Amino acid sequence: MRIAVINRDRCQPRKCSKECEYFCPPVRTGDETIVFEDSKPLITENLCVGCGICVRKCPFGAITITNLPEEMEAPVHRYGQNGFALYGLPIPMEGKVTGILGQNGIGKSTAISILSGILKPNLGKNASWDEVLERFTGSALGDYLKKVADQGIKTAYKPQYVDRIPKSYSGPVRGLLDRTDERGALEGLVENLGLSRLMDREISGLSGGELQRVAIAATAARDAEFYFFDEISPYLDIHQRINVARILQNLAEGKAVMVVEHDLALLDLLAEAVHLIYGTPGAYGVITRPKGVRIGINQYLKGNLPEENVRIRSEAIAFEVHAPRIEKDVPTLVDYDAFTKEYSSFTLKAEPGVIRSGEVVGILGPNGIGKSTYIKILAGVERPTTGNFDLKLKVSYKPQYLKAESDMTVQRLLRETTHDFDSSYYQSEILRPMGLEPFMDQNLTELSGGELQRVAITACLSREADIYLLDEPSAHLDVEQRMLAAKVMRRFAESTERSVLVVDHDIYLIDLLSERLIVFEGEPGVLGIAYPPYEMREGMNVFLKGIGITFRRDEETRRPRVNKPGSRLDRAQRDSGEYYYLIEEA
Ligand code: ADP
Ligand code: ADP
Ligand code: SF4
């Protein structure tokens with residue numbers, strides 16, 4: 001079984017010499033394996049011999065040819081000839097939160113559109129509902145789809161990109177939320193999500209984190225049979241993430257809740273079961289049967305799915321069990337005194353500290369606690385109220401909220417940012433691992449949220465500066481993209497001897513990325529206290545003690561897992577003060 005997929009956005013026959021057709025061996029011997037229709041190529045899969053020559057010859061990397069195992073059934077859905085193919089479907093389970101874990105572009109939204117009745121599955125041809133139902137007959141999924149086909153299913157859906165909400169709604173938050181109050185749960189949700197103070201605010205004036213919580217409330221307030229949340233973590237701090245997890249678990253009592261989430265500590269805490277999706281983004285995706293959440297995440301990290309008998313990655317994603325050792329004799333980039341900053345209603349107090357050259361420092365703390373203010377003061381953009389220093393450090397900054405302002409290509413933006421664009425270092429250490437090559441010639445305004453994020457991280461690292469500050473680089477990146485970005489940032493810091501500071505709320509990313517931690521505590525919007533950079537163990541202990549959470553280590557992958565509050569391990573770890581790096585018994 002072979003599938004040939006052509007990415008219609010990338011394919012630009014006007015700008016090439018039709019290399020795919022010219023070099024295709026069967027075409028040369030007279031078969032019509034590749035033909036051009038309306039100036040676009042069409043590949044006939046059963047005439048293709050799978051040599052892969054067209055894949056290598058296409059100057060835009062628009063073609064993917066995949067050999068699938070013989071026993072694979074026809075796809076559940078295919079976007080036409082040479083379009084993306086989806087195999088399998090997740091199963092909504094009443095009374096449970098089910099997670100979906102997979103790369104961007106692997107078919108998650110397609111699957112959800114089918115389950116919501118927005119997209120009728122075509123089985124890769126032009127199948128009728130009867131044919132679809134026959135295929136799934138006698139299964140839980142079959143019963144569910146029958147309901148979708150017969151009377152439709154009432155679905156509530158939280159979209160992935162909450163930044164777009166102000167484009168379709170205007171007016172106060174109350175107006176938007178009131179019309180979603182279908183089961184009398186709105187008041188409780190507003191309270192739980194901390195939205196009471198925002199009810200009279202204009203939607204257009206909300207921050208990303210506020211929009212995220214409004215969107216979650218609006219979805220959960222509906223009276224639906226199937227609830228779907230496409231990413232809940234972007235722009236929320238750890239407190240808020242855990243809070244949303246509890247809200248969705250309550251919602252699942254008697255309802256089916258499905259969640260796409262790339263923050264693995266959160267997914268682990270939130271879901272009971274997960275479906276993994278593997279394949280090639282943009283070409284095809286295969287949805288596995290549901291797995292227990294612990295096993296599923298472990299298999300995903302290890303890159304090996306034994307039940308399906310597939311390897312999805314050549315390398316496992318591994319965690320260091322012990323805190324990284326501190327290296328001595330590292331040059332100091334900046335040695336700063338204590339300082340404070342007073343705004344009319346907010347005070348920041350920073351203890352003195354040292355940031356070293358070539359290190360990655362993770363920054364942990366809730367939203368509104370003064371993290372950006374702190375950085376602006378180090379950068380000399382803001383003056384401290386007390387504390388006398390003038391560091392004049394040049395800072396390159398990636399903001400939390402991204403907007404493609406100008407209509408230029410990715411390549412042009414990066415060329416304008418760095419003189420090193422063509423150097424082999426830049427190409428092999430930054431561009432390639434960040435996966436930007438496929439959309440180099442696309443305009444910034446055409447990019448998806450995850451693509452724009454990767455461009456913004458790359459642009460930030462491309463500028464000439466002393467300190468690089470990235471605010472929430474994980475937003476909208478999938479698990480593999482997070483890991484690759486972490487590697488790029490670490491290597492960048494090491495090889496250029498600059499310092500990279502990263503604010504993020506994904507504990508796994510912070511763990512993989514940081515050598516030391518700056519922890520912020522206090523009361524958001526009122527008082528922030530910034531501690532000096534700590535080594536990892538101390539930093540994690542201070543941070544987690546502050547939010548009252550302990551982590552244990554998974555026996556198999558050593559990944560951190562949130563302990564159940566009050567459990568034996570939770571109590572023991574609190575007593576010993578080890579919130580994160582469990583001391584292993586010999
Ligand atoms: P995910 O939600 O995992 O990011 P999607 O289900 O949105 O993935 O998309 C999977 C693939 O299907 C993408 O490569 C996308 O280009 C393609 N695709 C999505 N919608 C359509 C459509 N309406 N027509 C053709 N291709 C589509
Ligand atoms: P974080 O980066 O941790 O989310 P910020 O440093 O952005 O926090 O903000 C901390 C607090 O300081 C917030 O309550 C914010 O409203 C307030 N603040 C930030 N900048 C200013 C300013 N220029 N004037 C008045 N208040 C400000
Ligand atoms: Fe032709 Fe080979 Fe491409 Fe198949 S893989 S379409 S045979 S060039």
Side-chain angles (χ1 to χ4, degrees), residues 2-10 19-29 31-35 41-58 63-67 77-80 82-86 100-114 118-119 160 207-209 230-231 235 237 260 262 277 279-285 287 341-348 363-377 381-382 399-400 448-451 469 471-472 476 478 503 505 520 522-528 530:
R2 186 167 296 126
I3 56 164
V5 176
I6 303 174
N7 182 319
R8 300 275 162 206
D9 294 332
R10 278 189 221 155
E19 285 87 347
C20 53
E21 184 189 34
Y22 182 79
F23 288 105
C24 174
V27 171
R28 295 190 149 220
T29 57
D31 278 345
E32 295 198 317
T33 310
I34 304 188
V35 291
L42 276 181
I43 303 178
T44 301
E45 285 159 355
N46 54 19
L47 295 177
C48 162
V49 296
C51 64
I53 290 176
C54 56
V55 178
R56 291 190 293 276
K57 291 288 178 188
C58 172
I63 305 176
T64 320
I65 307 275
T66 313
N67 292 314
H77 189 76
R78 187 143 193 205
Y79 290 112
N82 302 140
F84 177 88
L86 179 71
I100 301 185
L101 176 53
Q103 286 175 262
N104 286 330
I106 202 94
K108 298 181 295 297
S109 312
T110 303
I112 298 307
S113 303
I114 294 173
I118 297 167
L119 181 68
Q160 185 179 18
S207 72
D230 196 349
E231 284 200 275
Y235 316 131
D237 62 35
V260 168
H262 305 292
I277 314 192
T280 304
Y284 77 102
I287 302 183
K341 179 77 189 173
E342 304 265 355
Y343 288 126
S344 53
S345 56
F346 179 81
T347 305
L348 171 69
I363 299 184
L364 286 172
N367 288 333
I369 201 80
K371 301 184 294 298
S372 319
T373 306
Y374 172 90
I375 296 304
K376 282 183 198 149
I377 291 172
V381 177
E382 289 272 359
Q400 187 177 22
S448 73
E451 289 166 346
L469 174 79
D471 197 348
E472 208 177 336
H476 304 312
D478 63 36
V503 175
H505 306 288
F520 281 72
E523 191 183 337
V526 181
L527 171 70

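One-based numbering along the sequence shown. On a predicted model such as this, the values are computed, not experimentally measured, just so you know. Ligands are counted one by one from 1 in listed order, and the atoms in each one are counted from 1 as well.
Taking every non-hydrogen atom of Asn367 and a distance limit under 4.0 Å, the qualifying atoms of ligand 2 come out as 4 (O). Atoms of ligand 3 lying under 4.0 Å from any heavy atom of Gly52, numbered from 1 in the order shown and given with element: 2 (Fe), 5 (S). Applying the 4.0 Å criterion to heavy atoms of Ile106 picks out, from ligand 1, the atoms 1 (P), 3 (O), 8 (O). Annotation for ligand 2: atoms under 4.0 Å from non-hydrogen atoms of Ile369 are 1 (P), 3 (O), 8 (O). Contact atoms of ligand 1 toward Gly282: 14 (O) (distance under 4.0 Å to a heavy atom of the residue). Numbered from 1 in the order shown, with element, the atoms of ligand 1 that lie under 4.0 Å from a heavy atom of Thr110 read 5 (P), 6 (O), 9 (O). Of all atoms in ligand 1, listed by their number and element, those nearer than 4.0 Å to a heavy atom of Lys108 are 1 (P), 2 (O), 3 (O), 4 (O), 6 (O), 8 (O).
Atom 16 (O) of ligand 1 is never approached by the protein to below 4.0 angstrom, counting heavy atoms only. Under the 4.0 Å distance rule, the nearest protein heavy atom to atom 27 (C) of ligand 1 falls inside the cut-off. Distance check for atom 24 (N) of ligand 2: a protein heavy atom is found below 4.0 Å.
Residue Gly522 comes nearest to Ile369 through the heavy atom pair C-CD1, 3.6 Å, listed as atom of the first residue, atom of the second, then distance. Thr33 and Pro26 get closest at one heavy-atom pair: OG1-CB, 3.1 Å.
With Tyr79 as the partner, the side chain to side chain contact (heavy atoms under 4.5 Å, CB included) test is satisfied by one option alone out of Val5, Leu86, Leu119: Leu119.
Summary of contacts: the protein heavy atom closest to atom 2 (Fe) of ligand 3 is Cys51 SG, 2.3 Å. The single protein non-hydrogen atom nearest to atom 9 (O) of ligand 2 is Thr373 OG1, 4.0 Å, given as residue, atom name and distance. Atom 19 (C) of ligand 1 has Tyr79 CE1, 3.5 Å as its closest protein atom, hydrogens excluded (heavy atom only). Remark: minimum distance from atom 22 (C) of ligand 2 to any protein heavy atom is reached at Tyr343 CE2, 3.3 Å. With respect to atom 1 (Fe) of ligand 3, the closest heavy atom belonging to the protein is Cys24 SG, 2.3 Å. Nearest non-hydrogen protein atom to atom 2 (O) of ligand 1 is Ser109 OG, 2.5 Å. Among all protein heavy atoms, the one lying closest to atom 14 (O) of ligand 2 is Gly525 CA, 3.3 Å. Looking from atom 3 (Fe) of ligand 3 to the surrounding protein, the closest heavy atom is Cys54 SG, 2.2 Å. For atom 4 (O) of ligand 2, the closest non-hydrogen atom of the protein is Gly368 N, 2.7 Å.
The shortest N or O to N or O distance between Gly105 and ligand 1 is below 3.5 Å. Considering backbone and side-chain N/O of Ser344, none are found under 3.5 Å from N/O of ligand 2. The shortest N or O to N or O distance between Ser372 and ligand 2 is under 3.5 Å. The shortest N/O to N/O separation between Asn104 and ligand 1 does not fall below 3.5 Å. Considering backbone and side-chain N/O atoms, Glu382 never comes within less than 3.5 Å of an N/O atom of ligand 2.
No more than 12 heavy-atom neighbours from other residues, nucleotides or ligands sit within 6.0 angstrom of CD on Glu32. More than 12 heavy atoms of other residues, nucleotides or ligands lie within 6.0 Å of OH in Tyr343, so this atom counts as buried by the packing criterion.
Aromatic ring pairs are classed by plane angle as parallel below 30°, tilted from 30° to 60° and perpendicular above 60°; the pair Tyr374 and Phe520 is perpendicular.
Rounded to the nearest 0.5 Å, atoms CD (Glu231) and NZ (Lys108) are 8.0 Å apart. Taking CG from Leu47 and SG from Cys24, the interatomic distance works out to 9.0 Å, rounded to the nearest 0.5 Å. In this structure, CG on Leu42 lies 6.5 Å from CD1 on Ile6, to the nearest 0.5 angstrom.
With a 6.0 Å cutoff to the six-membered ring centre and a 45° limit on the axis angle, Arg78 does not count as a cation-pi contact of Tyr284.
Contacts of Gln103 with ligand 1, taken as heavy-atom pairs under 4.0 Å, involve the backbone alone. Here Ile65 has side-chain heavy atoms under 4.0 Å from ligand 3, and that is the only part of it that gets that close. Under 4.0 Å from ligand 3, the heavy atoms of Pro26 that appear belong solely to its side chain. In Ile34, the part holding a heavy atom less than 4.0 Å from any atom of ligand 3 is the side chain.
Asn104 places a side-chain N or O within donor-acceptor distance of the main-chain N or O of His476, the cut-off being under 3.5 Å. Listed for the Lys341 side chain is no donor-acceptor partner under 3.5 Å among the backbone atoms of Gly370. Judged by distance alone, the side chain of Arg28 and the main-chain N or O of Tyr22 form a donor-acceptor pair under 3.5 Å. Put simply, the side chain of Asn82 gets close to the backbone of Ile43: a donor and an acceptor are under 3.5 Å apart. The main-chain N or O of Tyr235 is found under 3.5 Å from a side-chain atom of Glu472 such that the two form a donor-acceptor pair. No donor-acceptor distance shorter than 3.5 angstrom exists from the side chain of Glu382 to the backbone of Ile377, with no hydrogens or angles considered. Judged by distance alone, with hydrogens and angles left aside, the side-chain atoms of Asn7 form a donor-acceptor pair with the main-chain N or O of Asp9 at under 3.5 Å.
Taking a 4.0 Å cut-off on heavy atoms, Gly370 registers as neighbouring ligand 2.
Counting backbone and side-chain atoms alike, Cys20 contributes no N/O/S atom closer than 2.8 Å to atom 1 (Fe) of ligand 3. Using a cut-off of 2.8 Å, one finds that Cys48 contributes an N/O/S atom close to atom 4 (Fe) of ligand 3.
Using a 4.5 Å heavy-atom cutoff, the side chains of Ile63 and Cys20 are in contact.
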